[in-house]
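Here's the structure, in structure tokens; my notes come after.
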Amino acid sequence: MLEAAFHFPPDFRWGVATAAHQVEGNNTNNQWWAWEQNPGNIRAGHASGLACDWWQHAEADFDRAAAMGLNTLRLSVEWSRIEVAPGKIDTAALDRYREMLRGLRERGIEPLVTLHHFTDPLWLSEQGGWLHPHITRLFSRYVEQVVRALGEFTTLWCTINEPNVYSVMGYLRGRFPPGEHDQGKALRVLRAMLKAHAAAYRTIHSVQPQAQVGLAHNMRCFDPARPRMLDRAVSRWQDRAFNQTTLDAVWRGKWTFPLGWGWARGLRHTLDWIGLNYYTRDLLMFDRHAARERYTRTLHAPEAELLEGDYGELYPQGLYRALRRLDRLGIPIYVTENGIPDADDALRPRALILHLHQLWRALQWNIPVRGYYHWTLTDNFEWAEGWTLRFGLIALDEQTQERTPRPSANLYAAIARGDVISPSLVDVYAPELRPTLYLEPS
Ligand code: FCB
């Protein structure tokens, strides 16, 4: 049997990703908190509540991340805490974030700060949210305050998390606030977010010239269910709408179908790096009876291993495919999110190794992947799915706040500490992968 260790560069960034509303607790001043109060909006009637209690005790989890040997951590700051009313900044909230970022630095962990991760201040959503006519100016004003206050501790900024998911889930599928089903609005919101991203890119650089500014883009694989023309057509459509058009706007500076046509003024090359959030793939089939679903039915490959809670297929190759695609931009790439829901940790060790192996493959082609942020450190409030999906390396009992590391936490720590997936780690955590990872040459 051939033995191979899969090595990563010594300066590779190993981290975990989180978002304010999912971990801080008591974020009562945003549109998600309001949405959680209405029965039926969140699975099992759950609510974010105290979440992981980070607003008071984030440092205890920072200790855990440091003990795992992680050297970076992605977190977001909560607009509704910082700008409590239009133009009214709460300096105590900014001080708390300064304290958190200082705490990360003291532990040898570089913060990557996301400025918008799904939540909007209530005052903004009451005025139309991302459909507000002056949203670009409002967002930039907030961003400037944050960068002035926190720039001492980081140069790594992510403007907006997953504009495509925010617009689709909130305005097309109605699963996120404001719960609408309106394609026209979904496209307007997406355009607004991309314009605001570009303006924020410039604002950040004007405050902090050495800043490294990116966007976290959710890419999903869409493959035709059958080798038929119409299945191919719906897959291509989905791929354009969900994956490609955002990149065309912020990299090529062009509005492309279905987002629009022509030059996207001021948007070209507004990325110093691109963030990839990758989870799964869908197989798509044309269905002439499904007009409301844009003639598309979603299936899973018959041989696919399915993830908990109907989350989709385990499809690690999709990470490699997305990275190859992003390589065309010619800028550094961070995997800003990747993980699976798995309360028992039955599949996660294998999934983690397989995804990191695909990332390693991309590195062999000199694709400039600089870091990987696992979603996530401890179980947290999973938006419309409430507490039903458990993505944490560490299990959380949200009632008692008790934390219990899952085996995957030790596995990830060992990989991060050694910059390597070694055969002995495979043997301990996922021996069934031996034949897949160590093929005998024939
Ligand atoms: C992503 C979100 C993140 C988390 C994961 C599971 O789409 O950015 O907040 O909920 O999914």
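First listed ligand is number 1; within each ligand, the first listed atom is number 1. This is a predicted model, so every value here is computed, not measured.
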Distances under 3.5 Å, N/O of ligand 1 against N/O of the protein: list each pair and its distance.
unit_1, atom_1, unit_2, atom_2, d
ligand 1, 7 (O), Glu162, OE1, 2.7
ligand 1, 7 (O), Glu162, OE2, 3.0
ligand 1, 8 (O), His117, NE2, 3.2
ligand 1, 8 (O), Asn161, ND2, 3.0
ligand 1, 8 (O), Glu162, OE1, 3.2
ligand 1, 8 (O), Glu162, OE2, 3.4
ligand 1, 8 (O), Glu337, OE1, 3.2
ligand 1, 8 (O), Glu337, OE2, 3.0
ligand 1, 9 (O), Gln22, OE1, 2.7
ligand 1, 9 (O), His117, NE2, 2.8
ligand 1, 9 (O), Trp383, NE1, 3.0
ligand 1, 10 (O), Gln22, NE2, 3.3
ligand 1, 10 (O), Glu382, OE1, 2.8
ligand 1, 10 (O), Glu382, OE2, 2.9
ligand 1, 10 (O), Trp383, NE1, 3.1

Legend entry - Near-ring test His116/Tyr166, centroid separation under 6.0 angstrom: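 Yes: the rings meet the under 6.0 Å criterion.
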Legend entry - Within the 6.0 Å centroid threshold, strictly below: Trp375 and Tyr373: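 Not under 6.0 Å, so no.
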Inset, instruction - Please say which of Trp32, Phe391, Trp35 ends up in a ring pair (Phe, Tyr, Trp, His ring centres under 6.0 Å) with Trp383. - result: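 So, applying the ring pair (Phe, Tyr, Trp, His ring centres under 6.0 Å) to Trp383 and each of Trp32, Phe391, Trp35, only Trp32 qualifies.
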Legend entry - Quiz item: cation-pi between Arg370 and Trp273, 6.0 Å / 45°: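 Judged by the rule (NZ or CZ under 6.0 Å from the ring centre, within 45° of its axis), Arg370 is not positioned above Trp273.
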Inset, instruction - Check the pair Leu50, Gln56 against side chain to side chain contact (heavy atoms under 4.5 Å, CB included), reporting the backbone distance first and the verdict last. - result: CA-CA 10 Å; Leu50 192 57; Gln56 302 176 85; 4.0 Å; yes
Inset, instruction - Please test Glu78 against Asn29 for side chain to side chain contact (heavy atoms under 4.5 Å, CB included), starting from the C-alpha separation and ending with a verdict. - result: CA-CA 10 Å; Glu78 174 62 33; Asn29 193 26; over 6 Å; no
